[in-house]
Number of protein chains: 2
Amino acid sequence: MKPSYVHRGEDCRGVSEVLARVGDKWTVLVVVTLGDGAHRFSELRRALNGISQKMLTATLRGLERDGFVTRTVFPTIPPRVDYELTDLGRDLLVPVMALGNWARANRDRVEAARRRFDAAALEPVLPVAAAR
Amino acid sequence: MKPSYVHRGEDCRGVSEVLARVGDKWTVLVVVTLGDGAHRFSELRRALNGISQKMLTATLRGLERDGFVTRTVFPTIPPRVDYELTDLGRDLLVPVMALGNWARANRDRVEAARRRFDAAALEPVLPVAAAR
DNA sequence: CGGGATCCTACGGGATACTG
DNA sequence: CAGTATCCCGTAGGATCCCG
C-alpha cells in the first residue's frame, strides 16, 4: 500500500489503501475468524491453517495499526495475548463479508468463464492440429 | 453471522481467489472505470494514471478470463479494441463499490488509528495516566 | 493503436532458528 | 506461548523494445 492515484477527480486514495489491505493473503481470513469473538495467537494460528507465524504477526500488527483489532497482553507465564475486533473492525466485516458471500455465490460462474476462456485459447490450434 | 470455523472447507478457496483478484493493484480500478460503459485500451490507460501497458493488458486479460469483461476487436487500421463489463462484471461492481464506499466513509477513522499507533510506537516507556 | 516478449527490481511471504 | 530475526525464493509489476 503506497501510492495515491487520481481517478477521474474522485478521491480513491483511501479506497485503494483499504483494498490493498483487504487484498493481501491473510487479512480477511483473520478478520473473519475474529468475527465471532476474541482469540489468542495460537488459536488464530490453528484456525488459519497454513499461515506462518511471521505473517500472522505481521497481519495482526497491520490490523492493530489501522484500528481494526485490539491486542491485549496478559503478563502471565506463559504469556497470553488476545486479539479482538474493534467496533471499526466489526464494521469492516460487513462489506467484507458481503464481498465474500458474493464470491461464494458466483464462484461457479467465474470458474465456468475461466474454463471457457482457457478452452477458447487452445481452440485455434485444434482445427489445424495437423500443422504440427 | 455464521460460525466462522469453516476455513478448512473448500468453499473458502474460491473466496480467497476472488479476494486475491480484487486485491491486486489495478483490477478494481479498471472495473470501476469500466462501470460507466465501454472504453478502449488507450482510454483506460489514460484514465488509470500510472498504469503500465503491461499491467493493463494483464489485468484486462485476467478480467476477461474470469468473465468480468468482454474484449471486442475492430479490424480497422489503426486497430481499436473495446473493453466492457459483462453482467457478471457489473454484478461484481456492487459489493466492490460497497467496500469502496465503506473505505471512503471510514478513511479518517483508519488514519486516526494509524497516527495513534505510530505515535505510541515512538513513545518510550511513558505510563502516564492513561485515559481509557 | 494495441499489444507481445524481455529484462530487472521490490516485496510478499514461507521456512527455520533463537529469545523472554 | 508469543513473538523477533534471517535467509531465501517466487512473482507482481515497471521500463523498454519491437511488431502487425
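Within every chain, numbering begins at 1; the chains are lettered A, B, ... in the order of the sequence lines, protein sequences first and strands thereafter. What you see is a predicted model; the values in this text were computed from it and never measured.
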Chemist: So, the side chain of A/T70 versus the backbone of A/T86: is there a donor-acceptor pair under 3.5 Å, distance only?
Modeler: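 Not at all, since once roles are kept as given, no pair shorter than 3.5 Å links the two residues.
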
Chemist: Under 4.0 angstrom, heavy atoms only, what part of the nucleic acid is B/F74 near: base, sugar-phosphate, or nothing?
Modeler: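 No contact at all - B/F74 keeps every heavy atom at 4.0 Å or more from the nucleic acid.
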
Chemist: Determine, for nucleotides 14-20 of chain C in 5'-to-3' order, which nucleotides have protein heavy atoms under 4.0 Å from the base (write B), from only the sugar-phosphate (write S), or from neither (write -).
Modeler: BBBB--B

Chemist: Rounded to the Å, how far apart are A/D82 CG and D/dC1 P?
Modeler: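 The answer, rounded to whole Å, is 14 Å.
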
Chemist: What nucleotide, of D/dA2, C/dC1, D/dG13, holds the atom closest to the side chain of B/D24?
Modeler: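 Of the options given, the side chain of B/D24 lies nearest D/dG13.
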
Chemist: Round to the nearest Å and state the distance from A/I77 atom CD1 to D/dC1 atom C1'.
Modeler: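 Answer to the nearest Å: 11 Å.
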
Chemist: How many Å lie between CZ on A/F41 and C1' on D/dT4, as a whole number?
Modeler: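 So the CZ-C1' distance, A/F41 to D/dT4, works out to 11 Å.
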
Chemist: Any chance you could lay out the side-chain contact (heavy atoms from CB on, under 4.5 Å) test for B/W26 and B/L56, step after step, and finish with the verdict?
Modeler: CA-CA 8 Å; B/W26 299 105; B/L56 181 52; over 6 Å; no

Chemist: Using five pairs at either end of the helix from C/dC1-D/dG20 to C/dG20-D/dC1, determine the angle between the two local helix axes and round it to 10 degrees.
Modeler: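 Helix axis angle between the two ends: 40°.
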
Chemist: Starting at atom CD of A/E64, determine the distance to atom P of D/dA2, rounded to an integer number of angstrom.
Modeler: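 Atom CD in A/E64 sits about 15 Å away from atom P in D/dA2.
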
Chemist: Please give, in whole Å, the distance from D/dT4 P to A/L56 CG?
Modeler: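 So the two atoms are 11 Å apart, to the nearest Å.
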
Chemist: Distance check needed: D/dA2 C1' versus A/R71 CZ, whole Å only.
Modeler: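 Those two atoms, CZ and C1', are 8 Å apart.
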
Chemist: Is there a side-chain contact between B/F117 and A/D66 in this structure, where contact means two heavy atoms from C-beta onward sitting under 4.5 Å apart?
Modeler: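 No, side chains not in contact.
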
Chemist: Do side-chain atoms of A/R90 reach the backbone of A/L85 as a donor and acceptor pair under 3.5 angstrom?
Modeler: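 Side chain of A/R90 to backbone of A/L85, a donor-acceptor pair under 3.5 Å: yes, one is there.
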
Chemist: Starting at CZ of A/R80 and ending at P of D/dC1, how long is that distance when rounded to a whole Å?
Modeler: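 Rounded to whole Å, this separation is 12 Å.
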
Chemist: List the steps, then state whether side-chain contact (heavy atoms from CB on, under 4.5 Å) holds for A/L99 with A/V28.
Modeler: CA-CA 11 Å; A/L99 188 56; A/V28 166; over 6 Å; no

Chemist: For A/A112, give me all partners under side-chain contact (heavy atoms from CB on, under 4.5 Å), at least two apart in sequence or on another chain.
Modeler: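 Partners of A/A112 by the side-chain contact (heavy atoms from CB on, under 4.5 Å) criterion, ordered by chain and then number, come out as A/R115, A/R116.
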
Chemist: Tell me if a side-chain donor or acceptor on B/N101 pairs with a main-chain N or O of B/M97 at a distance below 3.5 Å.
Modeler: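 Yes; judged by distance alone, with no hydrogens or angles, the pair exists.
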
Chemist: Same cluster or not: A/I77 versus A/F41, using hydrophobic residues (I, L, V, M, F, W, Y) connected whenever any side-chain heavy atoms lie under 4.5 Å apart?
Modeler: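 No, no single cluster joins them.
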
Chemist: Can you tell me if A/S42 touches the phosphate of D/dA2, counting only side-chain N or O atoms and a distance under 4.0 Å to OP1 or OP2?
Modeler: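 Result: yes.
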
Chemist: Can you list the steps and then say if B/R40 with B/V81 is a side-chain contact (heavy atoms from CB on, under 4.5 Å)?
Modeler: CA-CA 5 Å; B/R40 50 191 300 184; B/V81 180; 5.9 Å; no

Chemist: Just the rounded figure in Å: distance from P of C/dC1 to OH of B/Y83.
Modeler: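 Rounded to whole Å, this separation is 15 Å.
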
